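Have a look at the structure below, then the notes.
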There are 2 protein chains.
Amino acid sequence: MGEKKEDRRVGRTRRLMQEALMALVEEKGYERITVQDILDWADVGRSTFYAHFRDKDELLLSWFEHLRTLFEQQQQALLTARRTGNAPEVNIVLDLFRYTGKHHKLYKAISGRESGEMIRKYLHRYLSGLLQPVLEGLRVSRRTLPVPVEVTTHQLVSSLLSLMTWWLDHNMPYPPEKMEEMFRILTRPSIEAALGKGAARPKEEAAVNPKGNDDSATSFYNLFIDPFCCPGR
Amino acid sequence: MGEKKEDRRVGRTRRLMQEALMALVEEKGYERITVQDILDWADVGRSTFYAHFRDKDELLLSWFEHLRTLFEQQQQALLTARRTGNAPEVNIVLDLFRYTGKHHKLYKAISGRESGEMIRKYLHRYLSGLLQPVLEGLRVSRRTLPVPVEVTTHQLVSSLLSLMTWWLDHNMPYPPEKMEEMFRILTRPSIEAALGKGAARPKEEAAVNPKGNDDSATSFYNLFIDPFCCPGR
DNA sequence: TAAGAAAAAGTACATAGTGTTTGAAAATAA
DNA sequence: TTATTTTCAAACACTATGTACTTTTTCTTA
């Protein structure tokens, strides 16, 4: 926070180049963009570009970091709103579907390419960092689990990302709410199986109520989908 | 099968180039290989290369198709052995872990790159093609499912691939058997949840035996892991 | 084993893009 | 205003791709 205060030009040109990238990405897809294209669109010099980014990928990444920041701010706002007033429940999975849905053009333009893989990794790392501590906290006993928490985390994040991928690849045939529901159906039983039976349930009822409609499971789920209670970064 | 019989040179040079690719891939990783490298290693002319493959990617893909063929032949052999004599059960997931484990160097060399994404897609398509008809056959009723079979398929295949990815990325810290077990733990309950309660269980026992050790679930699982009973391609 | 077909080699080249290097000009912060 | 930082323009070295064309070699088959 105590940074030196950056030159106005720096922010401006960085923004210009990011805007150029986005415009071009929607126009012709990421991989087919050349540095020259960006230069022309943003109307900046070649050397200027390389003064800011090592290559095209770094520019793309900077844009995703920007998006991530916006998303985090939005989530934080929701959380504080929920704590103070009577705001709706926070559901990060649902919000993720909504958020990515809004940016589907960007996704389309990079999916299936090297850039797509890059972003997938980026998101995977990010989400795993959020989720893993939560799952660690949820494990019922300290005994060895049938599946290591690290693997469960990986699995869960992969599931989410793959669902999103499917959704976007198929032009979002269902609303985000439906997708969130599917995700819940598909993953909740797995989590319980992996973390040990009755994981994350209040101590009272442990093995009763085999139907999945109990509130305890739901509340567990809210824990899972509310990672900001355990700041992961 | 009634092909014209190919010129001996064709097979030889194709094989030479594939071998070159593999040798180089282990040496410096896929993306850093140039066509020239391949030419030098295989000792073939430039124009020859382009007479066979449009580009580097096509060469890589041809290699994976080769590997897939080998794998399928192995599976077929196991299946017929099982039908005739008293061979062990066929478990395609386990075999997949074993098979990819044997080729982990290749995986390492392409993971995380554009090529990795390409291969991931290739495998995804291939496995989905095998699995989807099986799942279609398993659905209990014709009513609308909470999760479309297509999504469940996608989800399941993604899970498998992501587990494999994790396993290879971490230098195979567990034996294939353990991985197959984890995969079963993580996905079996999801499948049942997605296909409807009691899916793929013999009609008799439907909702009893909440512990997961029943043979019916296992047999169901064998169905899932034995896609060759419903030829998908 | 000879003729004809097919494949591979050799060579050169057109094309395209990347990332670096200069020194001068412009914008900014102080 | 002045010193500093950033930007710009232009040229350039480099790497790699994919194509075109001719000559040579190898294979098939009759």
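Residue numbers start from 1 in every chain, and the chains themselves are labelled A, B, ... in the order their sequence lines are given, proteins ahead of strands. Because the structure is a prediction, the values reported are computed rather than measured.
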**Prompt:** How about B/L127 and B/L161: do any of their side-chain heavy atoms sit closer than 4.5 Å?
**Reply:** yes
**Side-chain donor/acceptor contact of A/S47 with base of C/dG19 under 3.5 Å** = no
**Prompt:** Is any NZ, NE, NH1 or NH2 atom of the basic residue among B/R184 and B/E180 found under 4.0 Å from an Asp or Glu carboxylate oxygen of the other?
**Reply:** yes
**Request:** Would you mind reading off the distance between B/E6 atom CD and D/dT28 atom P, rounded to a whole angstrom?
**Result:** 10 Å
**Asked** Where along residues 34-46 of chain A does a heavy atom fall under 4.0 Å from DNA chain C?
**Response** A/T34, A/V35, A/R46
**Asked** Using the C1' atoms of the five pairs at each end, what is the angle between the end axes of the helix from C/dT1-D/dA30 to C/dA30-D/dT1, to 10°?
**Response** 40°
**Prompt:** Does the distance from a Lys or Arg side-chain N to an Asp or Glu carboxylate O, for B/K105 and B/E27, drop under 4.0 Å?
**Reply:** no
**Prompt:** In whole Å, what is the span from the OH atom of A/Y30 to the P atom of C/dG17?
**Reply:** 15 Å
**Asked** With a 4.0 Å cut-off, would you call A/R15 and A/E19 a salt bridge?
**Response** yes
**Asked** What about B/T13: does its side chain form a donor-acceptor pair under 3.5 Å with the base of C/dA7?
**Response** no
**Prompt:** Atom CG of A/D55 and atom P of C/dT18: how far apart are they, to the nearest Å?
**Reply:** 10 Å
**Item:** Nearest to side-chain heavy atoms of B/R8, which nucleotide of D/dC27, C/dT28, D/dA9
**Value:** D/dC27
**Asked** Do the side chains of B/W167 and B/P176 get nearer than 4.5 Å, heavy atoms only?
**Response** yes
**Prompt:** Is there a donor and acceptor pair, one atom on the side chain of B/R9 and one on the base of D/dT26, closer than 3.5 Å?
**Reply:** yes
**Item:** Length of the NE2-P vector between B/H52 and C/dA7, whole Å
**Value:** 8 Å
**Prompt:** Where do B/W166 and A/E150 land on the side chain to side chain contact (heavy atoms under 4.5 Å, CB included) test, with the steps shown first?
**Reply:** CA-CA 10 Å; B/W166 179 89; A/E150 189 192 352; 3.4 Å; yes
**Message:** Quick check: do B/R98 and B/E177 have side-chain heavy atoms less than 4.5 Å from each other?
**Reply:** yes
**Request:** Whole angstrom is fine here: how far is it from CE in A/M17 over to C1' in D/dT6?
**Result:** 11 Å
**Asked** Can a donor-acceptor pair be found between the side chains of B/Y126 and B/E72 at a distance below 3.5 Å?
**Response** yes
**Message:** Please report the distance, rounded to the nearest Å, between NZ in A/K56 and C1' in C/dG17.
**Reply:** 10 Å
**Prompt:** Quick one: A/Y50 OH to C/dG17 C1', roughly how many Å, whole number?
**Reply:** 8 Å
**Message:** Tell me the interatomic distance from B/F53, atom CZ, to C/dA7, atom P, rounded to whole angstroms.
**Reply:** 14 Å
**Prompt:** Judged by modelled atom types alone, do B/S128 and B/H154 share a side-chain donor-acceptor pair under 3.5 Å?
**Reply:** no
